[in-house]
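Everything below concerns the one structure shown next.
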Amino acid sequence: MARTELKLLGAWLSPYVMRARIALNIKSVDYEFLQETLGSKSQLLLESNPVHKKIPVLIHKGKPICESLIIVEYIDETWSSGPSILPSDPYDRAIAKFWGTYVDEKWFPNLRILLTAEGEAKDHVIGTIVDGLDLLEDAFVKISKGKTFFGEDQIGYLDIAFGCYLGWLRALEKISEVKLLDEAKTPGLAKWADTFSSHPAVKDVKPEVDKLVEYGKSPEAKYRAAKAASS
Amino acid sequence: MAEELKLLGAWASPFSLRIELALKLKGIKYQYIEEDLSNKSPLLLKSNPVHKKIPVLIHNGKPIAESLVILEYIDETWKNNPLLPENPYDRAIARFWAKFVDEKILQIAVKFRLAKEKEKEQIIQELGEQLQFLEKELEGKEFFGGESIGYVDVVAYFIVNWLQVQQEVRQIVFISEEKFPVLCKWMGKLHEIDVVNGCLPPKDKHYAYMRAQIEAAKSAIK
């Protein structure tokens, strides 16, 4: 495939962009990565995603696809001869998608809140994040069926959906000076996190935690987090 | 193999109703169990311990939660009268709009319910802006699914119906025929199809329920 046939609009710190990149890596597909400048949106982005004006956007033969998990599924369905990202059984697919929705809608927003929380509110949101990790630990034990990933022997949809948040999880542990992912409490997830992060499809597209920490401490990051939390 | 299919739902919930429509469009037999959301059943709590919400589909004892996830499960398990298109790009577009309806349209409408008077004008405008995207997407098509009812139609119908009922009960215009001729025509068409309108809650009961909800929200804001 000519590189120009496939473009990904993204930004280095976005967990959502990382999802698309991991999926493309799994399928060994070549693409042009167009980095958006933080704080401004390119003409191409505004044209390709007029509804949300957000990255990632995958542009395949001129046609845009938006929303990270929808992009991941599109990649899986389009390059169907490569390793599968979604499980083949409909029930397993439903479980993977259920937890993908959970991490996006219920769990991750708390990390954003943590960035600007103080005092009692901070303690409360830490509790919520940790409770969520307990749920995800149970889910991991059930879904992995004793194997390495949520996708069992190979990394799959839910590994990608949840794993993309690990960088920010680690960054927030440093910024807020709190341990969130605790090997003692969630041993399965702790081990999975290391294996996931060092996976060939992941290690070159994950942002450096120190850079996320630096960005996370900036007033701009706090402003954006607060804005996202209130929308 | 005798299939065992149960749907835990609530009669006024657009999320629950969309599942019923999908099952009916495919001619799938199921047992409907009405949940009293103020007194959730042990079955619901066991089947959806994470969210404790309806709808939940239980297929041969295995529960599936989250309405969009349930719809895709149904489409993959019973392949007749497909809801999603075959082509990956068209599927991505359908998924995009379904997510849009739930995230943008419904969330803004819910914001309205809890808003102070002075905020309401602004919210109606916001809703109108988002509805315009949906209006544009539907232009030139019979249904969102093209020539036949598809995934986005099933998802959006009960949400837009909810807006239309709210309009009548509150006597406020959210979705006028003047500004949204395509969406209103599409709703009109769907209202005429028996299997679709048969899923709607009984009108009087629905209106009374909406009125009660509005009163309750008013007291909460005070």
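When every heavy atom of B:Y73 is checked against every heavy atom of A:P90, the shortest pair comes out as CD1-O, 3.5 Å. Nearest heavy-atom pair across A:P64 and B:Y89 is O-OH, 3.1 Å. Shortest non-hydrogen contact noted between A:Y74 and B:A92 is CD1-CB, 4.2 Å.
Per-residue counts of heavy-atom pairs under 4.5 Å with chain B were compared for A:L69, A:V51, A:I70, A:I65; the largest is that of A:V51.
Only the side chain of B:N48 comes within contact range of chain A, with at least one heavy atom under 4.5 Å from a heavy atom of that chain. In this structure, chain A has no heavy atom under 4.5 Å from any part of B:P49. Interface remark: B:I93 contributes side-chain atoms only to the contact with chain A (heavy atom separation under 4.5 Å). If you measure heavy-atom distances from B:R91 to chain A, the contacts under 4.5 Å come from the side chain alone. For chain A, no part of B:E129 is nearby; none of its heavy atoms comes within less than 4.5 Å.
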### Message
With side chain to side chain contact (heavy atoms under 4.5 Å, CB included) as the criterion, how do B:R95 and A:E67 come out once you've worked through the C-alpha distance, each side chain's angles and the decisive distance to 0.1 Å?
### Response
CA-CA 9 Å; B:R95 287 172 175 141; A:E67 297 294 317; over 6 Å; no
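Residues B:E72 and A:E73 meet the side-chain proximity criterion, which asks for heavy atoms closer than 4.5 Å.
Proximity of the aromatic rings of A:H52 and B:F133 is defined here by a centroid distance below 6.0 angstrom, and this criterion is not met.
One finds the CD atom of A:E105 at 6.0 Å from the CD atom of B:E66 (value rounded to the nearest 0.5 Å).
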